[in-house]
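A, B, ... follow the sequence lines: proteins, then strands. Residue 1 opens every chain.
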There are 2 protein chains.
Amino acid sequence: MDRRQQKTRGAIFRAFSTLLEIKRYGNITIQEIIDEANIGRSTFYAHFDTKDELLRAMCTDIFSHVFSDDLISEKTHDFSGNNNGLETKLTHILHHLKDSEKNIVGILSCESGELFMKYFKGYLTEMFSKYLNGTNVNAPADFVLNHLVGSFAETVKWWIDNSMKYTPETTAKYYMEVSCVDRITD
Amino acid sequence: MDRRQQKTRGAIFRAFSTLLEIKRYGNITIQEIIDEANIGRSTFYAHFDTKDELLRAMCTDIFSHVFSDDLISEKTHDFSGNNNGLETKLTHILHHLKDSEKNIVGILSCESGELFMKYFKGYLTEMFSKYLNGTNVNAPADFVLNHLVGSFAETVKWWIDNSMKYTPETTAKYYMEVSCVDRITD
DNA sequence: ACGTTACCGAACATGTTGTTCGTCATGATT
DNA sequence: AATCATGACGAACAACATGTTCGGTAACGT
């Protein structure tokens with residue numbers, strides 16, 4: 001990738017992040033992003049057609065780090081019956097999110113969180129569904145899966161909103177306790 | 001309240017609902033609302049200063065029905081130790097939401113859900129916190145409260161997104177089973 | 001040194017925004 | 001029924017955002 005593209009793309013991302021910390025996604029204009037990034041008007045449109053596409057690209061960037069290949073690969077999946085593997089993975093995810101904190105706080109603090117969460121839940125669904133081979137609970141599988149994904153996503157949002165006051169390890173442990181994972185997974 | 005105001009206000013709400021079913025909140029212009037509601041430009045601004053204020057008013061309208069006084073009053077709070085009271089309340093909430101389905105589906109299907117959910121969780125937090133006198137779980141109270149509120153909100157969103165394919169009673173029952181409420185509340 | 005490619009910046013038509021104001025119609029009140 | 005207050009209308013306005021075009025310039029990769 002051309003260095004100029006990298007530089008411009010980086011400037012746009014940085015400007016977008018900065019603005020997201022100040023105001024809501026919906027109220028940010030492309031004009032403001034252009035001014036903040038200090039780039040030409042046509043340059044922006046050469047990279048992204050819409051504001052949504054920009055947000056999407058930024059989310060994809062973040063998740064490609066958070067959900068690294070080994071995190072969702074079958075190989076590290078623990079089939080032994082205990083859920084230590086799951087807790088480990090959740091801890092990893094929280095650690096990765098903590099590292100890219102700068103972007104994420106801005107995204108989540110506003111309504112742009114909606115799109116971020118949508119993508120996030122997509123990845124989480126893929127991950128959790130591998131652990132759901134059966135349940136001891138009298139509820140349909142799709143209900144249970146949604147509950148696990150949704151509650152973990154909410155936990156992450158809450159964790160970030162509260163300045164990540166617990167460590168990733170502690171947060172993952174709390175989640176495992178409250179989520180009845182022992183009742184639900186095999 | 002003047003009948004003219006009622007009529008106009010209703011027309012705006014109806015137009016807004018209609019548009020929310022077609023496109024995302026962020027992409028709806030005030031101009032479109034004006035056209036759809038078939039009202040004058042200055043009339044809209046006489047009622048609402050911003051689009052956000054309109055959404056806020058609509059959410060408040062809905063919640064004032066969903067969380068009717070007896071739902072969150074102390075008097076119907078079940079202190080006996082079992083959680084039958086909670087399940088009943090959740091069922092009531094789902095029933096109320098089902099009745100105002102027309103508006104809610106539109107709101108939730110787009111990013112406007114962010115604001116809706118924010119208000120919704122405010123009410124839910126108030127309600128759930130009355131049930132949280134102590135826990136059998138090794139996690140802080142604020143973590144548990146957020147988990148209960150967040151997971152129920154997510155459940156509701158999923159329920160609405162999936163055309164409310166289960167009855168309110170069944171959905172509330174599933175939630176109670178998956179949420180470990182028996183472990184968490186007194 | 002070369003050709004390629006990205007950025008610039010100005011200009012443009014189009015649409016949105018929020019406000020103002022005189023006019024008219026509909027409401028509440030007596 | 002007559003009156004008065006109030007809300008809706010709609011046109012007009014400046015200010016701004018949008019998305020696109022295009023010729024010129026600079027930086028890139030090889």
Side-chain angles (χ1 to χ4, degrees), chain A residues 1-61 106-107 109-115, chain B residues 1-61 106-107 109-115:
Chain A
M1 195 186 207
D2 198 315
R3 281 182 213 160
R4 289 170 294 180
Q5 288 190 56
Q6 294 175 34
K7 185 190 139 230
T8 300
R9 197 179 164 90
I12 293 175
F13 280 176
R14 233 173 300 119
F16 194 43
S17 282
T18 303
L19 289 170
L20 276 171
E21 287 169 19
I22 307 171
K23 54 202 297 192
R24 294 205 355 228
Y25 172 76
N27 294 336
I28 294 173
T29 65
I30 293 179
Q31 187 63 51
E32 287 173 314
I33 300 172
I34 289 168
D35 293 342
E36 176 70 31
N38 198 29
I39 59 170
R41 176 165 207 70
S42 51
T43 306
F44 177 88
Y45 286 104
H47 284 259
F48 306 101
D49 282 346
T50 64
K51 213 171 54 172
D52 283 351
E53 207 184 294
L54 167 57
L55 178 59
R56 196 190 191 304
M58 239 173 84
C59 288
T60 303
D61 252 38
I107 294 179
S109 63
C110 327
E111 76 185 358
S112 49
E114 184 82 1
L115 279 169
Chain B
M1 192 187 211
D2 199 312
R3 280 181 214 161
R4 289 171 292 181
Q5 288 190 56
Q6 294 175 36
K7 185 190 138 230
T8 300
R9 196 179 165 89
I12 292 175
F13 279 176
R14 234 174 299 119
F16 194 43
S17 282
T18 303
L19 289 169
L20 276 171
E21 286 168 19
I22 307 172
K23 55 201 301 191
R24 294 205 352 229
Y25 173 76
N27 294 335
I28 295 175
T29 65
I30 293 179
Q31 187 64 51
E32 287 172 315
I33 300 172
I34 290 168
D35 293 341
E36 177 69 32
N38 197 30
I39 59 169
R41 175 164 209 70
S42 51
T43 305
F44 177 88
Y45 285 103
H47 282 259
F48 305 101
D49 282 345
T50 64
K51 215 172 52 173
D52 283 352
E53 207 184 296
L54 167 57
L55 177 59
R56 197 192 191 302
M58 239 172 84
C59 288
T60 303
D61 252 38
I107 294 180
S109 64
C110 328
E111 73 184 358
S112 49
E114 183 83 0
L115 278 170

Side chain of A:R41 - closest among C:dT17, D:dC9, D:dT20: D:dT20
Approximate separation, where rounding is to 0.5 Å, of A:N38 CG and A:T43 OG1: 10.5 Å
How many whole angstroms separate atom CD of A:E53 from atom P of D:dG19? 12 Å
Could you tell me the separation between the CD1 atom of A:I33 and the C1' atom of D:dC16, rounded to a whole number of Å? 16 Å
Heavy-atom side-chain proximity of B:F48 to B:I30 below 4.5 angstrom: no
Give the rounded distance in Å between these two atoms: CG of B:D49 and C1' of C:dT16. 17 Å
Any N/O donor-acceptor pair, A:S42 side-chain to D:dG19 base, under 3.5 Å: no
Comparing A:Q5 with B:E32, nearest DNA chain C nucleotide closer to 5' gives the residue A:Q5
Test salt bridge (Lys or Arg N to Asp or Glu O under 4.0 Å) applied to B:R4 - qualifying residues, sequence neighbours left out: B:D2
What is the distance, rounded to the nearest whole Å, between atom CG of B:N27 and atom P of C:dG15? 17 Å
Taking the nucleotide of DNA chain D with the closest heavy atom to each, which residue, A:T50 or B:H47, is nearer the 5' end? B:H47
Which nucleotide, C:dT16, D:dC9, D:dT18, lies nearest any side-chain atom of B:T29? C:dT16
Under 4.0 Å protein heavy-atom contacts per nucleotide of nucleotides 25-30 of chain D, with B for base, S for backbone only and - for none: -BBSS-
Compare side-chain N and O positions of B:Q31 against OP1 and OP2 of C:dT16 and report whether any pair is under 4.0 Å apart. no
Looking at side-chain heavy atoms only, is the closest gap between B:F13 and B:L54 below 4.5 Å? yes
Can you tell me how far CD of A:E53 sits from NE2 of A:H47, rounded to the nearest 0.5 angstrom? 11.5 Å
Take the protein atom CD1 of B:I34 and the nucleotide atom P of D:dA11, then report the distance between them rounded to whole Å. 13 Å
What is the separation between atom CD1 on A:I30 and atom C1' on D:dT20, rounded to the nearest whole Å? 13 Å
Heavy-atom distance under 4.5 Å between the side chains of A:F16 and A:I107, does that happen here? no
Look at all strands and tell whether B:T8 reaches a base, only sugar-phosphate, or nothing, counting heavy atoms closer than 4.0 Å. sugar-phosphate
What's the spacing between B:E114 CD and A:L115 CG if we round to 0.5 Å? 9.5 Å
